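These numbers were taken from a predicted model, which means no experiment stands behind them.
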Amino acid sequence: MANDALTVAVLGPGGIGGLLAGLLSRAGHRVICLAGEATAATLRTDGIQIRSGLFGDFTTGVDADTVLREPVDACLVAVKHTSLDAALDRVPPTALGDALLVPFLNGVEHPATLRARYRPELIAPAVIRVESTRVAAGVIEHGSPFAEIDLTGEKVDRDRLDSLAETLGAAGPATRVLDDEAAALWAKMSFLAPFALLTTRYGLPLGEIRTRHRDELTALVEETAAVSRANGGPADPAQALGRYDAFPPRTKSSMQRDAEAGRPLELDAIGGALLRAAERHGVRVPVTARVVRELADTGH
């Protein structure tokens, strides 16, 4: 797979999907972006424009459609949880065929949802560490000085994972394959949940959260780490706090940006999933439960 030009579908060409679509297209692969008719028409005409300090500024052509109509080697899923069910209608199981389905979604519950809809051996969950934003249809600003992908999939053939990782890595993002799917997903969840929940709850960037609400941040990190540990994931609260302290003070979470824009929040996929996992394992998470409840009560 890695040495040949692939055909890759990208469901949701936003900040993450658009960045990956652009990088893969520039690397010589055929990319089919799956989106609504207006976005698809724009992409067919104008392609994807990437603005990136790491990868450079460039524009590259892509194909685009409203539904997958032909065989592909892989389908990258880069929509929000709040629109996942509707978006998956664009990828009928019969059209997916033998292609790998690679979800770049927040949370830990989506692999089971996807394996109930598609063949389990085709679901290869991925975690990406990047700051990338869609500023207009087909226009992507990649702001972080890094783009790193962890690819996993407990039921997927390892050679297929390694080959796809090589393809993604050659296109730009540093990519590795991890054997332990639960650990990979919970490593992301452990970092994301406290950051997303508190920045959104208070409408403040990370710098103010880690100073004005330090006790709450510490409590959330410790509770999330305990839930992660119970689910087979990593648990290092001191490391998580150190990572928060290293981020630029004006950093905002994607959930906070969604709240500011009036978009639906991934509260259930992040906060709700964390609470459900805690309940299954008998882990007490009183601060997390309160913050999630307060966010829900505000109408988010």
- prompt: Taking the six-membered ring for Trp, are F195 and F247 parallel (under 30°), tilted (30 to 60°) or perpendicular (over 60°)?
  reply: tilted

message: Could you check whether any side-chain N or O of R90 sits under 3.5 Å from a backbone N or O of L11, counting only pairs where one atom can act as donor and the other as acceptor?
response: no

message: Determine whether a donor-acceptor pair (N or O, by modelled atom type, separation under 3.5 Å) exists between the side chain of E148 and the backbone of R129.
response: no

Using residues 97-105 as the side-chain source, report each donor-acceptor pair under 3.5 Å to any protein atom, sequence neighbours left out, with the distance given to one decimal.
residue, atom, partner, partner atom, Å
D98, OD1, R119, NH1, 2.6
D98, OD1, R119, NH2, 3.2

message: Nearest 0.5 Å, please: how far is OG1 in T59 from CG in D46?
response: 9.0 Å

Rounded distance (nearest 0.5 Å) linking atom CD1 of I140 with atom CG of L19: 7.5 Å

field: More than 12 heavy atoms of other groups within 6.0 Å of E70 CD
entry: yes

- prompt: Which value, rounded to the nearest 0.5 Å, describes the distance between Y244 atom OH and Q239 atom CD?
  reply: 11.0 Å

message: Given the ring of F58, does R26 sit roughly above its face, with NZ or CZ under 6.0 Å from the centre of the six-membered ring and within 45° of the axis?
response: yes

Any side-chain donor near an acceptor of the partner, Y202 and E208, under 3.5 Å: no

message: Is it the case that the side chain of S163 and the backbone of D159 share a donor-acceptor pair, with hydrogens and angles ignored and the cut-off at 3.5 Å?
response: no

field: K188 and D150 ion-paired at < 4.0 Å
entry: no

query: Would N231 and H281 count as having a side-chain donor-acceptor pair, cut-off 3.5 Å?
result: yes

- request: Please answer: with hydrophobic residues joined when any side-chain heavy atoms are less than 4.5 Å apart, are V139 and V79 in the same cluster?
  value: no

task: Say whether, by atom type as modelled, one donor and one acceptor occur between the side chain of H81 and the main chain of D85 under 3.5 angstrom.
output: no

Pair T200-Q256, side-chain donor/acceptor within less than 3.5 Å: no

message: Assess the residue pair R201 and E294 against the criterion (side chain to side chain contact (heavy atoms under 4.5 Å, CB included)); give the C-alpha distance rounded to whole Å, side-chain angles, the decisive distance to 0.1 Å, and a yes or no.
response: CA-CA 7 Å; R201 168 65 182 84; E294 289 171 350; 2.7 Å; yes

query: Between the main-chain N or O of L206 and the side-chain N or O of T251, is there a donor-acceptor pair closer than 3.5 Å?
result: no

Contact check, side chains of D63 and V31, non-hydrogen atoms, under 4.5 Å: no

- request: Please answer whether the main-chain N or O of V135 pairs with a side-chain N or O of T133 as donor and acceptor at a distance below 3.5 Å.
  value: no

message: For D179, give me all partners under salt bridge (Lys or Arg N to Asp or Glu O under 4.0 Å), at least two apart in sequence or on another chain.
response: R158

- prompt: Taking the side chain from D57 and the backbone from S52, do they hold a donor-acceptor pair closer than 3.5 Å?
  reply: yes

message: Can you list everything that forms a side-chain hydrogen bond (donor to acceptor under 3.5 Å, both in side chains) with R293? Sequence neighbours excluded, please.
response: none

- prompt: Can any side-chain N or O of T39 pair as donor or acceptor with the backbone N or O of A35 at less than 3.5 Å?
  reply: no

D215 CG: over 12 foreign heavy atoms closer than 6.0 Å: no

message: Is it the case that atom CZ in R284 sees more than 12 heavy atoms from other parts of the structure closer than 6.0 Å?
response: no

- prompt: Can D268 and R276 be said to form a salt bridge (charged side-chain N to carboxylate O under 4.0 Å, His left out), step by step?
  reply: CA-CA 10 Å; D268 185 66; R276 288 187 287 272; 2.9 Å; yes

- prompt: Among S228, P286, P237, whose side chain to side chain contact (heavy atoms under 4.5 Å, CB included) with E223 holds?
  reply: P286

Sidechain-backbone polar pair: H142 side chain, S144 backbone, donor-acceptor under 3.5 Å: yes

statement: Output for pair (T152 OG1, I123 CD1), nearest 0.5 Å, gives 12.5 Å

- request: Taking atom types as modelled, find out whether T224 and S190 have a side-chain donor-acceptor pair closer than 3.5 angstrom.
  value: no

- request: Return yes if some donor-acceptor pair links the side-chain N/O of R44 with the main-chain N/O of A64 below 3.5 Å, else return no.
  value: yes

